[in-house]
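Throughout, protein chains are lettered first and strands after them, A, B, ... in sequence-line order, and every chain is numbered starting at 1. Computed from a prediction, not measured in an experiment: that's the story for all the values here.
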There are 2 protein chains.
Amino acid sequence: MRILLVEDDAETAAYVARGLEEAGHVVDRAADGQDGLFLATGGGHDVMVVDRMLPKLDGLSMVRAVRAAGIATPAIFLTARAGVGDRVEGLEAGGDDYLAKPFAFAELLARINALARRPPLQQEQTVLRVADLEMDLIRRAVTRAGQRIDLQPREFRLLEYLMRREGQVVTRTMLLEGVWDFHFDPKTSVVETHISRLRGKVDKGFERDLIHTVRGAGYVIRADG
Amino acid sequence: MRILLVEDDAETAAYVARGLEEAGHVVDRAADGQDGLFLATGGGHDVMVVDRMLPKLDGLSMVRAVRAAGIATPAIFLTARAGVGDRVEGLEAGGDDYLAKPFAFAELLARINALARRPPLQQEQTVLRVADLEMDLIRRAVTRAGQRIDLQPREFRLLEYLMRREGQVVTRTMLLEGVWDFHFDPKTSVVETHISRLRGKVDKGFERDLIHTVRGAGYVIRADG
DNA sequence: GAGGCACCGTGAGGATCCTGCTCGTCGAGG
DNA sequence: CCTCGACGAGCAGGATCCTCACGGTGCCTC
């Protein structure tokens, strides 16, 4: 695993880097926020571990900038303080986890593994693929088995949402938030309706269905039966 | 995870409750501060989500009272206003986090998880395993010997409950509480019925049974014979 | 600005699936 | 051998989901 470590204190940095390397990871290091940002935007890291107090550009701003650049690499903050306010700030800036110094190295490792293990939101990808179904995000085109499928905007967003989470059950609530931007229950069958329409275009007439409903939970898109 | 939701607006409450349930949590609801306080002091919740504006007893006072009663359950406030002053007040009253309406449901979930972060051991466990039986909690998928097994919601919860207590005898009463939310004896064989169905899917056709009956006591899931 | 069209949300009706209950049978333990 | 608990098949009520037709809205064209 490739890890970006941004930490100004040389001693801490050496300690953490060594531990991570012993655990079999590749570690890139930066001593301030600016370098960190530069390396992070280069991409290719599975996780970044970022000190909050950094010269030139503090950790919070750095992660914000990285996110703004469209990089989704999970981030863990290291910090001296870990009050509620700090945590919230960190989460809002796009951080994924939080660790107060001093910390047990084992805990850092555990969190890194936890973050890296989670569903790789096929980010930065211009083509999503599930079985013989393809979605080209740039051309806004969808094909199944090479055959073109015309989708309405909402249908497109819905399918995209599903495909980005292949194999994962997606709840109605997640869909309402992610596809409709509803933050309340519309109490109608919007979701069902659109799933139905989507099925009509994506699954109907093909050998095996890709969109499956999980009763009481939501929907999944999945290649196998 | 067991969550206490205290919210007077029926619509919001329904929406949040549903979302949480979809995410696999058990939700207790209260419509005003008084009921909320009552339920909270009963204990047993991992997190409480509390509206600030509530009939009878506002959210702030409620959490203060809960804390005074010696209950440490983490609290998240929901609020229309979220100025700095309000935040400080909330934190001082013993709240742990703050969320301004309207909020993204995903955020609420993230914060709940962050707050409830239990002792690091069972944290982030997304795959349960007993012998060659695997349950992926995120994908809501179960496999045995690599072969997919489809489970109904209730069956899923039942199996999850058993697997989380591998090797431990689970009584009928525990199951009724933990899986069915029954706090009384239905005097029927619901449990037996579902165990039977579960066996049909999980054990039938495989070399060795995993689910064992302990006569007069309950059931265990266990790898060895 | 009128007319037409595409897209989307609504709601009803019906199909499907889940689940808890009953009941006859089985088998272990006393 | 008797009793009690456990098992599993079958059933019906109810929850959930699917589909369809309709109408509203906003955009484009003329």
Side-chain angles (χ1 to χ4, degrees), chain A residues 140 142 149-162 169-205 209-221, chain B residues 11 14-15 17-19 21-22 140 142 149-162 169-205 209-221:
Chain A
R140 305 232 112 215
V142 177
I149 295 180
D150 278 325
L151 292 184
Q152 302 308 332
R154 178 108 316 153
E155 293 162 2
F156 191 91
R157 287 184 64 182
L158 176 56
L159 183 58
E160 180 185 349
Y161 194 95
L162 288 169
V169 175
V170 166
T171 68
R172 223 168 301 265
T173 308
M174 289 166 69
L175 289 173
L176 287 172
E177 289 238 327
V179 178
W180 274 267
D181 262 328
F182 282 2
H183 299 290
F184 51 89
D185 188 346
K187 296 201 195 319
T188 66
S189 53
V190 219
V191 176
E192 287 87 337
T193 301
H194 277 264
I195 286 283
S196 171
R197 288 182 181 140
L198 198 52
R199 278 179 164 145
K201 297 183 178 180
V202 168
D203 276 341
K204 188 174 264 177
D209 290 349
L210 296 179
I211 302 174
H212 306 276
T213 115
V214 181
R215 256 177 178 256
Y219 300 90
V220 214
I221 195 163
Chain B
E11 206 161 321
Y15 173 66
R18 169 151 201 188
E21 276 159 8
E22 283 174 350
R140 280 181 208 258
V142 177
I149 295 180
D150 278 324
L151 292 185
Q152 303 311 331
R154 180 114 303 155
E155 293 163 1
F156 191 92
R157 287 183 66 181
L158 176 56
L159 182 58
E160 179 186 349
Y161 194 95
L162 288 170
V169 176
V170 165
T171 67
R172 221 166 307 266
T173 310
M174 289 166 67
L175 289 173
L176 285 172
E177 289 244 327
V179 179
W180 274 267
D181 259 328
F182 281 3
H183 299 286
F184 53 90
D185 186 349
K187 300 207 189 311
T188 65
S189 55
V190 218
V191 177
E192 286 87 339
T193 301
H194 277 264
I195 287 284
S196 166
R197 286 183 183 139
L198 200 51
R199 280 180 162 142
K201 296 184 178 180
V202 168
D203 278 340
K204 187 174 265 177
D209 289 350
L210 297 179
I211 302 174
H212 306 277
T213 303
V214 181
R215 243 187 127 76
Y219 301 90
V220 214
I221 194 164

**Student:** Any side-chain heavy-atom pair from Arg157(A) and Trp180(A) closer than 4.5 angstrom?
**Tutor:**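 Not in contact.
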**Student:** Could you work out, with side chain to side chain contact (heavy atoms under 4.5 Å, CB included) as the rule, every residue matching Glu192(A), not counting sequence neighbours?
**Tutor:** Arg172(A), Ser189(A), Tyr219(A)
**Student:** Testing the basics here: between Thr213(B) and Arg199(B), what is the closest heavy-atom pair and its distance to 0.1 Å?
**Tutor:** OG1-NH2, 2.6 Å
**Student:** Could you tell me how far apart His212(A) (NE2) and dC18(D) (C1') are, to the nearest whole angstrom?
**Tutor:** 16 Å
**Student:** Rounded to whole Å, please give me the gap between CD in Glu155(B) and P in dG8(D).
**Tutor:** 13 Å
**Student:** To check you understand the geometry: which heavy-atom pair defines the closest contact between Leu198(A) and Leu162(A), and what is its length?
**Tutor:**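 For Leu198(A) and Leu162(A), the tightest heavy-atom pair comes out as CD2-CD1, 4.3 Å.
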**Student:** For a quick check of understanding: with a heavy-atom distance under 4.0 Å over all strands, which category does Arg197(B) fall into, base, sugar-phosphate or nothing?
**Tutor:**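 If one applies the 4.0 Å heavy-atom cut-off, Arg197(B) turns out to touch a base.
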**Student:** Can a side chain N or O of Arg215(B) be found less than 4.0 Å away from OP1 or OP2 on dA6(D)?
**Tutor:**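 Checking Arg215(B) against dA6(D): no side-chain N or O falls below 4.0 Å of OP1 or OP2.
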**Student:** Take the C1' atoms of the five end pairs on each side of the helix from dG1(C)-dC30(D) to dG30(C)-dC1(D), get both axes, and report the angle to 10 degrees.
**Tutor:** 30°
**Student:** Mind telling me whether Phe184(A) and Phe182(A) have parallel, tilted or perpendicular rings, with 30° and 60° as the class edges?
**Tutor:** parallel
**Student:** Is it the case that atom NZ in Lys204(B) sees more than 12 heavy atoms from other parts of the structure closer than 6.0 Å?
**Tutor:** no
**Student:** Which of the following nucleotides, dT19(D), dC7(D), dA6(D), is nearest to the side chain of Arg199(B)?
**Tutor:**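 Within the option list, the nearest is dC7(D).
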**Student:** Would you confirm whether Asp209(B), through its side chain, and Ile211(B), through its main-chain N or O, come within 3.5 Å as a donor-acceptor pair?
**Tutor:** no
**Student:** When all nucleic acid strands are considered with a 4.0 Å heavy-atom cut-off, which category describes Gly200(A): base, sugar-phosphate, or nothing?
**Tutor:** nothing
**Student:** How long is the line joining NZ of Lys187(B) and P of dA6(D), in whole Å?
**Tutor:** 15 Å
**Student:** Check whether any side-chain nitrogen or oxygen of Tyr219(A) sits under 4.0 Å from OP1 or OP2 of dC18(D), and answer yes or no.
**Tutor:**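 Checking dC18(D) against Tyr219(A), a side-chain N or O does come within under 4.0 Å of OP1 or OP2.
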**Student:** Can you give me the first and the last nucleotide of DNA chain C (5' to 3') that has an atom within less than 4.0 angstrom of a non-hydrogen atom in chain A?
**Tutor:**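 From 5' to 3', the first and last contacting nucleotides are dC7(C) to dC18(C).
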**Student:** Which is more 5' along DNA chain D, the nucleotide nearest Lys204(B) or the one nearest Glu192(B)? Just name the residue.
**Tutor:** Glu192(B)
**Student:** For Thr193(A), answer base if it contacts any base atom (sugar-phosphate contacts may also be present), sugar-phosphate if it contacts only those atoms, and nothing otherwise; contact means non-hydrogen atoms under 4.0 Å.
**Tutor:** base
**Student:** Quickly work out the Leu198(A) CG to dC17(D) P distance and round it to whole Å.
**Tutor:**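 It is 17 Å, rounded to the nearest whole Å.
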**Student:** Between Lys201(A) and Glu155(A), is the closest basic N to carboxylate O distance under 4.0 Å?
**Tutor:**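 Judged by the 4.0 Å cut-off on N to carboxylate O distance, Glu155(A) and Lys201(A) do form a salt bridge.
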**Student:** For a quick check under 3.5 Å, do His183(B) and Glu177(B) share a side-chain donor-acceptor pair by atom type?
**Tutor:**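 There is such a pair (donor and acceptor under 3.5 Å, judged by atom type) between the side chains of His183(B) and Glu177(B).
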**Student:** For a quick test of reading the model, state the closest non-hydrogen atom pair linking Asp203(A) to Leu210(A) and the distance between them.
**Tutor:**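 Heavy atoms of Asp203(A) and Leu210(A) come nearest at OD1-N, 2.9 Å.
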**Student:** In whole angstroms, how far is the C1' atom of dG5(D) from the CG atom of Asp185(B)?
**Tutor:**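 After rounding, the reported distance stands at 14 Å.
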**Student:** Could you give the CG-to-C1' distance, from Leu175(A) to dC17(D), as a whole number of Å?
**Tutor:**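 Value for this atom pair: 14 Å.
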**Student:** For Ser196(B), answer base if it contacts any base atom (sugar-phosphate contacts may also be present), sugar-phosphate if it contacts only those atoms, and nothing otherwise; contact means non-hydrogen atoms under 4.0 Å.
**Tutor:**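 Counting heavy atoms under 4.0 Å across all strands, the contact made by Ser196(B) includes a base.
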**Student:** Scan Gln152(B) against the nucleic acid and name what it touches under 4.0 Å (heavy atoms): base, sugar-phosphate only, or nothing.
**Tutor:** sugar-phosphate
